[in-house]
Each structure stands twice: as structure tokens, then as C-alpha cells.
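Position 1 is the first residue of the sequence; numbering continues from there. Excluded from the calculations below are hydrogen atoms, water molecules and symmetry mates; all remaining heavy atoms, backbone and side chain alike, are included.
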Amino acid sequence: MKTAEEIKLTPEIIQKHGITPAEYGSIKKILGREPNLTELGIFSVMWSEHCSYKNSKNVLKLLPKDGPRMLVKAGEENAGVVDIGDGLVVVFKMESHNHPSAIEPFQGAATGVGGILRDIFTMGARPIASMNSLRFGKLDDNGNTKRLLSGVVAGISHYGNCIGVPTIGGEIYFDESYEGNPLVNAFALGLARREEIVKAKAEGTGNPVFYLGAATGRDGMGGAAFASKDLSEASEKDRPAVQVGDPFLEKLLLEAVLELLKSGCVVGIQDMGAAGLTCSTCETASRGNTGVEIDVAKVPQRETGMVPYEIMLSESQERMLVILKKGREAEAKRIFEKWDLHAEAIGLVTDDGLMRVKENGVTVSEIPAKKLADDAPVYIREEKEPAYLKSAGNFDPKSLGSAGDLNAVLLKLLDAPSIASKEWVYGQYDHMVRTNTVVLPGSDASVIRIKGTNKSIAISTDGNSTYCYLDPYEGAKIAVAEAARNVACAGAVPLSITNCLNFGNPMNPEIFWTLKKCIEGIRDACLAFETPVSGGNVSLYNQNPKGAIDPTPTIGMVGLIEGREPVTSHFKNEGDVVILLGQTREELGGSEFLKTIFGVKAGVCPRLDLKEAKALNDLMIRLAKENLLASAHDCAEGGLAVALAESCISNKGYEMGAAINVGATPARPAGGRRVAPTDVSTEALLFGESQSRVVISVSPKNLKKAEEVIQSSATPYEVIGKTGGEDLAIQVIHRGLTPIPVRVLSHTWRNAIGRRMRG
């Protein structure tokens, strides 16, 4: 078997590593010589899109990252850090694990959860909540989608439940564009005191570098990374295609790392995530303006015959790189032993700026750390407006004719998997472990309390890919706005977002155009809501044989509640007054109504006025602060009728009806606008998805005060009914739904996904 130094690099080997001729020329210039195969592999992973963002970095610069509460900005560390007052900070991030989940859904999703949790606790924060955003192909009569959904949910459940971090909510959508390429975006949030935050830096010449955690195997090493069979005797078919996680080991790592960080003997620490040992060594050295030297022969290995190439590129899970203060090794080792963890000193910090890799004392790779970590090529890709947008935008929903029986339409929408109850999913998660979850999955936002304080954190994950398909700028604005509106409906002040940007091949000018437009939409919405971007992830090349996924920017929004209980989405008391906030327009384009009833994904998606959206959020927060809300529920997919139905049925075991009549009572327009202009069709009133609308309920005793607060805002509103009874009856102008028993609505909504999974 040849060593990496003995293998001649051919154009084919270079191409298999995803390195272009121009990039190879840059590598030779950096090194002042030809690289060997190990060095080529190292450059390949560090200069990949996943690690370097070389195709997206230029447009990511558009995102706002500054704010009075931002302590660590996007890109500076493993996760963002936001100040929530009284010396406390929250650390949070969202990342994708799409491609591994498409190959092996259970382990792909499980290790996605494990990886995002490590990003949180390596910064000194204890993870207190997990969320997710999932996308799959159509669920009806699709065995592959069922297999992927079942595996992903089981993987998330297994890892989160075993490690003891509650999965408190998320979102899930089904669309044909995700056939064969599901999206698994994992979110995690941790809590720490401000002074406990630790950076991922290698500082202090001579400080020892320790490897901590699981032994290294060939996990995640399949495919083109193995450019030569001479590297290893193990065949590619024997290599694990994706990483294999161990949540019980991660639990030990979590506790050991937090104790280690509090001991004061740590200089810096980083998870060995994407690109494994390569990424953790060169990035910590680059951030610390130092070098790192390691010997891979000292790295714990669980497979025989591993060569430096494999050890440096392995993505085995539950591993950390720890830089200790020299002289404190014995103290650290006692902590490692206490938690029954394997730790080895594999190197030291140097002052030469190089990432130097040795094997039994012989240098096998020597690369300037900053050139590797920070100086990857950055490309400005060609962009072109997609050709389909013109025809899709010219589509008139009215050309489809009547939708027929409106009761049947509502029931069919409630049965649609993207709208239906996600109990089949979150029922498999432990969302009450550690007993801090105060708003369970199923409300607009999930809420977790911070024990010993008057603070709670509201979290929402959101993103509508159909809107982004039809108008990427407007769709991305809406994704941010809905996430902000969801936390505002809980009574929380939106603080900051993290995101996952899921797109197809950026070499396609039309796809790159949608990526840039989505980022511009996120930028403008974040500026309007004063919610800077704390960090996130870009996942490109999401393709299946039929084409790219729809552009899918997913937003994780974090909000703060202080001194009061959160608001939830379901109706609470018989006789409460129901109010619609916000204006309805003739907007059916891109709606679930068109997709579900007519099988059409076209039209002009709803327009979002950022000033209206911000005014509504401010109003919701004020109503919550004054304890005037019994419930609040965002009007989103499915429109007003679905929002009303969900308000009736989302509180399992305590469901109630409502009598609704839109347009029967005089509207109270604020700023001269009615909530339901007379020229809006019944279908748009019931099922249109106009933005910046919320259904609230208030006690009759609070109605006068609530109306005074609403009238002081710029948000139009109308009193549309009362809660109570066993039926939901909705009347709009002169047409409506005959009363539908709540039990029928509930049965349809609750069993839609489970029925399909059992079928």
C-alpha cells in the first residue's frame, strides 16, 4: 500500500476532490510546491462549500449581524450569542444535515442533532432546547417518503431523548420538490452566564492540544473523497456512508466539557464536526493567530490500517479538540476520567502559523492555517432570473373556477400533511425532559422557561418554500416575518435569528439568483424587525434526478418574555370575543388552497408590507404585556378558516367551537383600511394567505381595553365572533360554511399524517 506522499496526483484525482485547476494552482502557490494526497484532501474539505461558503460568502455579507444584544456575531464562533439581561446569554444555531439524511435517515438526522448540540456546549452553554425544520416529498402513496420521514423522526427522537435535551417543536412540510432530497435542519439553544462563554481559539505557544471523545473511524468517508484505492485496504463498500452517533457518549462529553470549562484550565475548544480533525485544528489556529502541530499516530482509532488522509478527514461523531493551559493537564485528566472519557494529548500550539500533521514524528502535511481556514477562494457566480417566474406570476387563480363545497375545502386543507397536526411527529419526542417547557409543540411558538428567573425564551422555525419558488425576495421576507410574528403571538420580543439556506446547485445562474434574492429578503426583514443574524448554515447542491429543490430558507427566531406568562394559540373560555387583526387581500397565489384543492403551484404570492408587519408585532407584544390576550394565532398556510379551526381544536382534550361572521359587524379600520374589503372573494377571505394577520380572543371584560390598545396602533381589526359550542360556523359577507362539529375537524386534522403512515 502506497503512502499519501508516494501517490502521484493526476488530474482525475484532483477533480474527484472537487478542486478546480485554478484552485490547484492557488494551492501550489500557498505551499510553494506540489501538495501530497493528504494535503489535497485537507484543502478539498476546507475549501468545499460546506466549510468555506465559497459560492455564498459574498452574498452572505448582505445579512445584518450587529445589534445591541449581539455578543458573538455570525461566523465568529461555533454559534451566535445573544444577551438576555441579568448576566445571562442564550447561544443558538441552526444547521442542515440534508444529504446524510437522504442516504441514511435515522443516523443522518440523529447525528445532525448531536452536531448542533456540540456547537452549543463547546461554547460553555448548557443546551436546554432543540427544534427542527423538516421537508419531505409528497406523503400520499409514497413509500420512500414514508421511509425517510419515519427514519428522520426516529433519529431525532432517539438522540434528543437519550441525551436529555427536550425537542420542543419545529415545522414540517411536504412537497414534490423534496422527493429523494429531504431537508433536515436542526436547531439548538443553550443557556450560560455571560462570563462563561468560551471561544474556539488555539492560543499560548506550547499549550497542549488534546483529543477528547470517541475513537476515530471511517465514518462519513464514502464517495469521491477516496480518490485512490492505494490509500487503504478497506473497500469503499465497507465504509460507513454517514456518521454513526452515540447520544450516551455525547451526554458524557456534554457534562465533562461544561465542568472542564468551569475549571478554568481550557484555552479553547472546538467540536470535530464537518471536516473533523482538519477543521478543528486549522480553525482554532487561525482564530488564535497561531499554529497547531499534531501527530495522528496518537489519535485514538477504532479501525485498523487508517492512514493520515483518513484520520484527518473522518467525520466520526462525539469528538472534541481541546487546548489546555500548560501545567493544568492533570486537573483536566481527572475530569476526563470522572466522566469515563478517552482523552489523548496529540499535539501542541506553535507560533509559526502552520497546521502541521505528523505520523510517528514524520511530517505528512504542513499548511498555513489561515490560508486553509480563511483564504478559500470566493466566487461571484452568474445570476439570472428563472424563466418560469413570468408564466407562474401571470397565472390567475380565478381562472380555476369554483372550489365547490367550502366545508369540504376546509376539511381537505386540514387533512393536508403540511397543515395537519404534527402530533405523529412530536409525539415521539420528549419535550418535557428537565421540566422547563411551558408551551408544548403545536402552538405558534414553543416556549421554555429559565428557572430561577422571570424570563422565558420563545422559539419558532419557519419558511415557506412555495412563496420562495414564486418570489424568492418576498418569500424570504415572509419567512422572517412569520417567525417573528409567531414569537410575538406568544408575547415575546423577537431578538435574533439563525438560518439554514437550502438551495440547489449554485453553478446554475437561476438558482444563484434565487439564493441572492432570498438573502436580500432576509436582510430587509431582519432590519425591519431589528433581529440580526447570529449565524447559520448554507446547504447547496440539494438536487434530485428531476431537478433542484424549491429554494428553502428556513428561519429560527428567538424571542424573550419577561415577567409574564406566554400566550398560546388555542381558544380558552366559552364566550370570549374573537378578533381578526390585519388586512385580508385578494391573495391566493402560492397558497395551500391552490396546491391542495387544484394541484397548482403558481400565481403571485402574498405581498408583505414590513411596516405593517412590525406594527402588528408591536401590537401583539403590548397586548400580551397588558395581559389582555386569552389566545393568539397567526394566520398562515390555509388562511383564516384554517387558523380559526386550529384555534378551536389545537388544545387536545379541551376543544371548543366558535361562531364567526366576517363583515357582519362594522369594521374598526385603523389608518382608514378595512380588514376585509368588499371586493375580496369568499375564497380569499377564507383561504387566502394575506400576511400580517392574527386571530386573537379576549375576555369580554377586557374587550374595551383591548380595543383601545388596538386602535392606538396602525393595525386594522374587526370583532368577528365568539367562542363556544360544539361547532365551528364561519360566515363571510353572504356566503360561508355550514356549522362543522369540532370533533370532525379535530379527527380530520389529528389523524392526517398517522393515517398515511399506517396506510
Worksheet item: Hey, is the main chain of Arg564 close enough, under 3.5 Å, to the side chain of Lys625 for a donor-acceptor pair?
Response: no
Worksheet item: With a 4.5 Å heavy-atom cut-off, do Thr596 and Ile419 have their side chains touching?
Response: no
Practice prompt. Quick one: do Arg485 and Asp444 satisfy salt bridge (charged side-chain N to carboxylate O under 4.0 Å, His left out)? Show the steps, please.
Written response: CA-CA 9 Å; Arg485 189 161 59 249; Asp444 285 39; over 6 Å; no
Worksheet, complete the sentence: Here the gap from Ile497 atom CD1 to Ser460 atom OG, rounded to the nearest 0.5 Å, amounts to 11.5 Å
Discussion item. Determine whether Ile457 and Phe92 satisfy the following criterion, side chain to side chain contact (heavy atoms under 4.5 Å, CB included), listing intermediate values before the conclusion.
Written reply: CA-CA 12 Å; Ile457 302 297; Phe92 59 94; over 6 Å; no
Worksheet item: Which heavy atom in Ala458 sits nearest to a heavy atom in Ala445, and how many Å separate them?
Response: CB-CB, 4.4 Å
Worksheet item: Below 4.0 angstrom, N of the basic side chain to O of the carboxylate: do Lys704 and Glu707 qualify?
Response: no
Fill in: Exercise: identify the closest heavy-atom pair between Ala645 and Leu745
CB-CD1, 4.4 Å
Worksheet item: Quick one: are Glu179 and Lys546 in side-chain contact, heavy atoms under 4.5 Å?
Response: no
Discussion item. Quick test of your reading of the model: are Asp175 and Arg135 salt-bridged, counting only N-O distances below 4.0 Å?
Written reply: no
Worksheet item: So Phe571 and Val578, side chain to side chain contact (heavy atoms under 4.5 Å, CB included) or not? Walk me through it.
Response: CA-CA 9 Å; Phe571 292 148; Val578 181; 4.0 Å; yes
Worksheet item: Within the side chain of Ser177, is there an N or O that forms a donor-acceptor pair under 3.5 Å with the backbone of Asp550?
Response: yes
Discussion item. Looking at Glu726, I want to see if its CD is surrounded by more than 12 non-hydrogen atoms of other residues, nucleotides or ligands under 6.0 Å.
Written reply: no
Worksheet entry | Parallel, tilted or perpendicular, as decided by the 30° and 60° cut-offs, for the rings of Phe593 and Phe687 | parallel
Worksheet item: Between Leu594 and Lys601, does a side chain to side chain contact (heavy atoms under 4.5 Å, CB included) hold up when you go through it step by step?
Response: CA-CA 7 Å; Leu594 287 190; Lys601 186 160 65 175; over 6 Å; no
Worksheet item: Can you find a pair of side-chain heavy atoms, one from Val487 and one from Val558, that are under 4.5 Å apart?
Response: no
Practice prompt. Identify whether the distance between the nearest side-chain nitrogen and carboxylate oxygen of Arg750 and Glu655 falls below 4.0 Å.
Written response: yes
Practice prompt. Look at the aromatic rings of Tyr469 and Tyr388 and report parallel, tilted or perpendicular, splitting at 30° and 60°.
Written response: parallel
Worksheet item: Would you call Arg607 and Asp471 a salt bridge, using N to O less than 4.0 angstrom?
Response: yes
Worksheet item: With distance as the sole criterion, is a donor-acceptor pair present between the side chains of Asn407 and Thr738 under 3.5 Å?
Response: yes
Worksheet item: Do Glu612 and Thr715 have side-chain heavy atoms sitting under 4.5 Å apart?
Response: no
Worksheet entry | Short side-chain donor-acceptor distance under 3.5 Å, Tyr178 and Thr552 | yes
Worksheet item: Do the charged groups of Lys614 and Asp618 touch, with an N to O distance under 4.0 Å?
Response: yes
Worksheet item: How long is the gap from CE on Met94 to CE on Met557, to the nearest 0.5 Å?
Response: 10.5 Å
Worksheet item: Do Ser690 and Thr584 have a side chain donor and acceptor closer than 3.5 Å?
Response: no
Item to complete: Decide yes or no for Tyr717 and Leu616: does some side-chain heavy atom of the first lie under 4.5 Å from some side-chain heavy atom of the second?
Response: no
Item to complete: Please test Met432 against Leu440 for side chain to side chain contact (heavy atoms under 4.5 Å, CB included), starting from the C-alpha separation and ending with a verdict.
Response: CA-CA 8 Å; Met432 287 305 297; Leu440 306 181; 3.4 Å; yes
Fill in: Heavy-atom side-chain contact between Met131 and Ile168 under 4.5 Å
yes
Practice prompt. Working to the nearest 0.5 Å, report the span between NE2 of His633 and OG of Ser650.
Written response: 6.5 Å
Worksheet item: When rounded to the nearest 0.5 angstrom, what is the spacing between OH in Tyr467 and CD in Glu482?
Response: 7.5 Å
Worksheet item: Rounded to the nearest 0.5 Å, what separation is found between the NZ atom of Lys455 and the CG atom of Leu560?
Response: 6.0 Å
Practice prompt. Determine the minimum heavy-atom distance between Ala479 and Asp462, stating which atoms define it.
Written response: O-CB, 3.9 Å
Discussion item. Using side-chain heavy atoms (C-beta onward) and a distance below 4.5 Å, is Thr461 in contact with Asn185?
Written reply: no
Worksheet entry | Nearest-0.5 Å distance that lies between atom CE in Met620 and atom CD1 in Ile710 | 9.0 Å
Discussion item. Within the 4.5 Å heavy-atom criterion, are Ile696 and Leu628 side-chain neighbours or not?
Written reply: no
Discussion item. Given 3.5 Å as the limit, does a donor-acceptor pair link the side chain of Ser157 with the main chain of Gln428, or not?
Written reply: yes
